[in-house]
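Data first, discussion second: the structure below is written as structure tokens.
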Amino acid sequence: MDYEYSAKSNSIILRQPDFDLDETLDCGQAFRWVKTAENEYSGALLSRPLVIRCLDKADGVFELCGTTEEDFLGVWQEYFDLATDYGELKRRFSEDETLSKACAFAGGIRILKQDAWEALSSFIISQNNNIPRIKGIIGRLCEHYGGYPSIEQLADETPESLGFLRAGFRAKYLTDAVEKLRSGEVSLDRARTLPTDEARAELMKIKGVGPKVADCAMLFGLYRIDAFPKDVWVKRVMAQYYPDGLPECVRGVEGIAQQYLFHYIRSISK
DNA sequence: TTCCAGGCGTATC
DNA sequence: GATACGCATGGA
């Protein structure tokens, strides 16, 4: 990894190929990044804020503002999945025609390794909903709590008390998740160590968590890159391009292929 | 007005 | 196991 830390400005200069801010931060895998200027986003992991700016698109140069070297190495390096070679993955995917087009279309997508609770709760909110409204609900949640609320912070909430979110029927799913995670009936740490199928079943004990939400929570929150969330868009891709199933080249990294395909089909459908 | 959105619970067969 | 329908909300 190629980076320099400036103690004077408390920022990191990072050289990173295969990384586009719009394609990664505004593609519907995380909902709290705000585009604050051209080539600049402001966001957070839990309550740790960050401004990230692209200084040179062609050469892949980024500035991460307001972060110590310790935070960069301990938090953001993992969050932006900097240790994974996406160039190598894209070469692997290039043997499939549709994936090849998808990677060429948005080659700067990366998987964000998010907090497990934030990913799970965000995708509970996402069901039968559109991305602008998901962002609105999560924005009201964070505004109310001064940051993304922990499971414990939500302990006393009821579907009624969460009415300010305007989350509709999803409010009762959030409180069920909080209840089952607090009681230990469901455990994210347990899910972390279980095989993918059993982890999915563990998460699906929560009301409002079906196969798709569970797969998103696993892919973005537990970094199970073999999870392949099938939403309405990916179902369209499957019906149109892969009626006989996914190609061999995505085996084991289905979740990463899913992100390229999701972005591609949404873009060409507009 | 109707349709749709990073689905799921429930009823029914 | 598969299929049909309702669900809160808000933008197109």
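In what follows, chains are A, B, ... by sequence order, proteins preceding strands, each numbered from 1.
With A:Thr175 contributing its side chain and A:Lys172 its backbone, the two residues share a donor-acceptor pair below 3.5 Å. Judged purely by atom type and a 3.5 angstrom limit, A:Tyr260 has no side-chain atom pairing as donor or acceptor with the backbone of A:Phe105. The backbone N or O of A:Val61 sits nowhere less than 3.5 Å from a side-chain atom of A:Asp59 that would complete a donor-acceptor pair. Judged by distance alone, with hydrogens and angles left aside, the side-chain atoms of A:Gln114 form a donor-acceptor pair with the main-chain N or O of A:Gln29 at under 3.5 Å.
Side-chain atoms of A:Ser122 and A:Glu118 include no donor-acceptor pair closer than 3.5 Å.
On a pure distance criterion of 3.5 Å, no polar donor-acceptor pair joins the side chain of A:Arg166 and the base of C:dT9. Not a single donor-acceptor pair, N or O on each side, falls under 3.5 Å between the base of C:dA8 and the side chain of A:Asn129.
Across all strands shown, A:Lys207 has heavy atoms under 4.0 Å from sugar-phosphate atoms exclusively, and none from any base. Among the heavy atoms of the strands lying under 4.0 Å from A:Arg266 are primed sugar atoms or P, OP1, OP2 only; no base atom is included. Across all strands, A:Lys235 comes closer than 4.0 Å to no nucleic acid atom at all (heavy-atom distances). Using a 4.0 Å heavy-atom distance criterion, A:Pro132 is classed as making no nucleic acid contact.
Following rounding to the nearest Å, A:Glu160 (CD) and C:dA8 (C1') show an atom-to-atom distance of 14 Å. Rounded to whole Å, the distance from CG on A:Leu162 to P on C:dT9 is 13 Å. Atom CD1 of A:Ile137 is separated from atom P of B:dG7 by 12 Å (rounded to the nearest Å). As rounded to whole Å, 19 Å separates atom P of B:dA5 from atom CD1 of A:Ile125. The distance between atom CZ of A:Arg133 and atom P of B:dG7, rounded to the nearest whole Å, is 12 Å. Here C:dG10 presents its P atom at 12 Å from CG of A:Leu165, a figure rounded to the nearest Å. Atom CZ of A:Arg170 and atom P of C:dG6 are 17 Å apart (whole Å). Between A:Leu174 atom CG and C:dC7 atom P there is a gap of 20 Å when expressed in whole angstrom units.
Here the separation of C:dG10 from B:dC8, taken at their P atoms, is 22 Å to the nearest Å.
Comparing B:dA5, B:dC8, C:dC7 by their closest approach to the side chain of A:Gln127 singles out B:dC8. Of the listed nucleotides (B:dC8, C:dT9, B:dA5), B:dA5 has the atom at the smallest distance from the side chain of A:Trp233.
A sub-4.0 Å separation between OP1 or OP2 of B:dC4 and a side-chain N or O of A:Arg236 is absent. For the OP1/OP2 pair of B:dG7 and a distance below 4.0 Å, the side-chain nitrogens and oxygens of A:Lys230 include no atom meeting the criterion.
Toward the 5' end of DNA chain B, the nearer of the two residues A:Gly208 and A:Gly28, judged by each one's closest nucleotide, is A:Gly28.
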